[in-house]
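We count ligands from 1, going down the list as the structure has it; atoms in each ligand are counted the same way.
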Amino acid sequence: MPSKDDKNMPIELELQKFPKKVNLKGGFSCELRPLRRTDEAKLHEFFQNLPEKERMFIKHRVNDQQVIQEWCENIDYGKNLPIVGFTDGKIVADATLHQQQGGWKRHVGRVSVLVLPEYRGRGLARALIQEIVDVSRNIGLEHVEAEFMGEQEAAIKMFALMGFSNLVTIEDYVKDMQAITHDYVLMGLQLKTDEEYAGMG
Ligand SMILES: CC(C)(COP(=O)(O)OP(=O)(O)OC[C@H]1O[C@@H](n2cnc3c(N)ncnc32)[C@H](O)[C@@H]1OP(=O)(O)O)[C@@H](O)C(=O)NCCC(=O)NCCS
């Protein structure tokens, strides 16, 4: 098993398994692959198709075309790996693995996920998070974490079902894009097994 302290982790190797078609509930299928520079218009449309209320929970000004343009022009999968779900010729979901290169948290990845409302309940978020967790494990990350505002109950429940546990909850700690205060919830999943730790001695 590689460790994050090894140089040149093979994220590119991991990405060779995409595009990948996943068959989900109700005969629904979706193609998963990393975001490309040429996806800018589709990514912008994806965020436009989200309900206004949910956009408030996103950390970035995704309404701003320039923000999306910058993301697409400066893709660095070692920092941010967005895996997008395509169906009907459009982006309907995104899960991103965020990594800090160097520093205290170089062994901890962070995952965020979003699915368009009309494509929910079919297992798409679960499939995307599983991909992110698999990539994280294979490139040597030791933990994956996810951050929420307290109201994101469906997401918190889903991450718990996927094995993430609550690491910390801080009341009234974060502010949404309208400057309304919310509880902050941090969940995490340990990727290294106890056996691997035992074998490290
Ligand atoms: C949370 C979210 C990503 C779930 O997407 P999804 O594709 O509908 O999720 P899935 O179909 O893969 O659901 C996986 C499991 O989570 C649970 N779940 C998902 N949505 C749920 C809801 N609204 N209420 C209760 N449980 C829910 C279910 O148990 C489901 O498994 P099951 O259908 O087999 O019982 C989606 O609702 C979303 O984009 N929400 C807004 C953004 C957000 O909160 N992101 C998280 C921040 S990191």
Any heavy atom of Q152 under 4.0 Å from ligand 1? The part involved is side chain
CG (L97) and OG (S136) are apart, to the nearest 0.5 Å, by 4.0 Å
query = Is there a heavy atom in A146 that sits closer than 4.0 Å to ligand 1?
reply = no
Protein heavy atoms: any of them under 4.0 Å from atom 19 (C) of ligand 1? no
Atom 45 (N) of ligand 1 has as its nearest protein heavy atom V113 O, 2.8 Å
Under 4.0 Å between heavy atoms, the region of M158 that gets near ligand 1 turns out to be both
key: Charged N-O contact under 4.0 Å between K42 and E45   = no
Please check if the side chain of E70 supplies one atom and the backbone of V67 the other of a donor-acceptor pair under 3.5 Å. no
of all protein heavy atoms, closest to atom 26 (N) of ligand 1 is K157 NZ, 3.4 Å
inquiry  = Take a 6.0 Å sphere around CZ of F18 and say whether it holds more than 12 heavy atoms from other residues, nucleotides or ligands.
reply    = yes
Is it the case that more than 12 heavy atoms not belonging to E171 sit under 6.0 Å from its CD atom?
no
The protein heavy atom nearest to atom 33 (O) of ligand 1 is K25 NZ, 2.7 Å
Task: E14 and K17 ion-paired at < 4.0 Å - done: yes
Regarding ligand 1, does S112 bring an N or O atom to under 3.5 Å of one of the ligand's N or O atoms?
no
query: With ring centroids as reference points, do H182 and F57 lie under 6.0 angstrom apart?
result: yes
Check your understanding: When you measure from the centre of the six-membered ring of F28, is the NZ or CZ of R122 under 6.0 Å away and within 45° of the axis?
Key -> yes
So for E153 against ligand 1, with non-hydrogen atoms under 4.0 Å, the contacting part is neither
**Report entry** ligand 1 to V115 polar contact by distance, N or O atoms, under 3.5 Å
**Finding:** yes
Out of A125, A155, A154, A93, the nearest non-hydrogen contact to atom 3 (C) of ligand 1 is supplied by A125
Measure from atom 35 (O) of ligand 1 to the protein's non-hydrogen atoms and state whether any distance is below 4.0 Å.
-> no
